[in-house]
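These notes are about the structure you will find just below.
Order of appearance sets the numbers: ligands from 1, and atoms from 1 within every ligand. Atom set for the values below is all heavy atoms of this structure, side chains included, hydrogens, waters and symmetry mates excluded.
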Amino acid sequence: MSPRKPLGLERSPAFTYHQPTSRIPFRKPPRVLRAEEVSLAALAEQYGTPLYVYSATAIQQRLATFDAAFSTIPHTVCYAVKANSNLSLLRMMAKLGCGFDIVSGGELERVLRAHKKAAKKVVFSGVGKTVEEMKFALDSGILLFNVESESELWALATCAARMKKTARIALRVNPEVAAETHPYISTGMREHKFGIPMSDARVLYSRAAGIKGIEIAGVSVHIGSQITDPEPFRLAMSRVTDLVNYLQAEGHTIRFVDAGGGLGISYEDTPSSDPTEFAKYVQSYAERVLQPLRGLGVHLLLEPGRVLVGPAGALVTRVLYRKQHDGKLFLIVDAAMNDLIRPALYKAHHAITPVTLADDVPSEVADVVGPVCETGDFLARDRSLPKCEEASLLAILDAGAYGMAQSGNYNTRPRPAEVMVEGKKAKLVRKRETMDDLMGLEE
Ligand SMILES: *Cc1c(COP(=O)(O)O)cnc(C)c1O
């Protein structure tokens with residue numbers, strides 16, 4: 001047997017190539033990229049492009065693996081809604097027992113619409129909660145407010161006291177841990193707008209004690225996003241543990257430690273998609289988080305976003321035009337920075353692979369760009385890809401997190417539809433936007 005050519009890029013169990021059986025002897029038809037057991041070409045045909053496609057099985061497996069890694073301690077996984085806030089996805093998460101980390105009243109509304117009883121497992125993060133959002137959260141009976149400043153604490157106390165309610169709070173402390181990630185998504189240092197410095201936190205906890213409307217319940221951190229080295233998490237948790245010990249000695253009841261989110265994924269072209277590799281990775285993260293906490297007797301809250309849904313989603317796009325000048329090749333596709341902003345915003349790398357892949361197609365180097373009128377509107381630069389003709393389909397991988405969630409309507413472009421696949425079944429979970437959706441609010 002001759003050595004097999006590389007299969008192209010895959011993300012098992014979400015996206016793998018399927019070899020259709022040949023009708024012509026000795027002629028192999030091209031392989032087709034599938035979401036679980038559904039052809040992406042068929043989905044693009046039915047729902048149009050650009051199209052977000054998610055794998056329910058991949059999300060379920062990742063959540064189960066993540067959850068299992070923390071089985072030695074009482075804990076709740078509060079999925080970070082901002083990573084992907086589609087209602088069907090939230091409903092699935094809630095049914096699997098997830099709580100939610102929210103950063104706005106809008107996200108709370110989504111959680112409640114997804115699952116009526118989900119509020120009691122909601123933690124509310126964010127530096128700029130409005131009084132209206134606080135009222136809404138208090139009325140809904142959420143689990144915990146992660147308070148990020150002294151002013152916010154007094155606003156929440158006033159609000160809760162007026163409503164004759166009590167807000168359970170944790171202060172989000174800033175552990176001064178530098179994590180290797182893009183500067184826009186690093187949050188754990190003094191110069192960032194997030195959190196309260198450790199020393200200030202001690203004082204603020206003592207001021208908050210006994211204040212009407214406030215119940216001190218925990219300590220919270222979140223050091224950033226897309227962090228793939230687990231060591232900074234251990235450092236952060238050991239600083240949190242010191243604070244918890246101090247607060248308990250001062251007589252505070254600290255029931256919850258919220259470790260935040262931020263565990264990264266590999267955006268490489270061919271990361272290991274072996275489930276045991278993923279389990280090991282999550283395990284090493286869990287060990288680092290848990291090590292300092294042993295014996296503390298707290299309930300651990302976790303706020304993973306990207307790591308649960310990132311590799312479970314792809315953005316399917318069609319090549320509109322091939323354009324060549326000055327020796328440079330552009331593949332102009334129908335998805336753009338308004339649909340997936342990560343490459344433009346963070347220079348993020350997303351693996352891209354053709355939906356149909358024939359043997360012996362030569363590779364070529366191209367910039368994959370969208371139709372938006374910005375030079376920053378690219379999905380990949382100088383990327384080596386199997387040669388693709390006009391009208392062929394490409395899948396932009398690892399787009400399940402911060403893809404649709406960060407999309408917009410720049411250039412008056414309707415946002416993509418979203419489809420959730422499970423096994424052989426595909427369900428439209430968000431319709432493609434219409435011109436009325438875009439202009440209905442305007443005079
Ligand atoms: C964004 C965010 C998360 C989720 O981050 P991921 O990198 O997607 O895991 C969790 N907690 C807070 C407070 C956040 O702001």
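- Relative to the six-membered ring of Phe124, Lys129 meets both conditions, a distance below 6.0 Å and an angle of at most 45° to the axis.
- Of the listed options Glu303, Lys82, Gln226, Glu148, Lys82 places a heavy atom closest to atom 2 (C) of ligand 1.
- Taking Glu150 as the reference, Trp154, Arg207 meet the side chain to side chain donor-acceptor pair (under 3.5 Å) condition, with sequence neighbours excluded.
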side-chain hydrogen bond (donor to acceptor under 3.5 Å, both in side chains) between Glu215 and Thr166: does it pass, once the steps are laid out?
CA-CA 6 Å; Glu215 177 196 332; Thr166 305; 6.0 Å; no
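- Panel note: side chain Lys121, backbone Gly97; a donor-acceptor pair is recorded below 3.5 Å.
- Below 3.5 Å of separation, one finds an N or O of Tyr402 facing an N or O of ligand 1.
- Heavy-atom proximity to Ser125, at under 4.0 Å, picks out these atoms of ligand 1: 13 (C).
- Among protein heavy atoms, atom 4 (C) of ligand 1 sits closest to Ala80 CB, 3.4 Å.
- The shortest heavy-atom distance from Asp101 to ligand 1 is under 4.0 Å.
- For ligand 1, none of its N or O atoms has an N or O atom of Leu263 under 3.5 Å away.
- Contact between Gly262 and ligand 1 is present, with at least one heavy atom of the residue lying under 4.0 Å from the ligand.
- Counting heavy atoms closer than 4.0 Å to ligand 1, residue Ser225 contributes atoms from both its backbone and its side chain.
- Of the heavy atoms in His222, only side-chain atoms (C-beta onward) come closer than 4.0 Å to ligand 1.
- Contacts classified as side chain to side chain donor-acceptor pair (under 3.5 Å) and involving residues 85-94 (residues at least two apart or in different chains) are given here: Asn86-Glu418.
- For ligand 1, none of its N or O atoms has an N or O atom of Val103 under 3.5 Å away.
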Could you walk me through whether Asp339 and Arg415 pass salt bridge (Lys or Arg N to Asp or Glu O under 4.0 Å), step by step?
CA-CA 6 Å; Asp339 305 306; Arg415 286 188 288 175; over 6 Å; no
Checking Arg383 against Asp367 for the salt bridge (Lys or Arg N to Asp or Glu O under 4.0 Å) test, could you report, in this order, the C-alpha distance in whole Å, the side-chain angles of both residues, the deciding distance, and whether it holds?
CA-CA 6 Å; Arg383 188 66 61 85; Asp367 279 15; over 6 Å; no
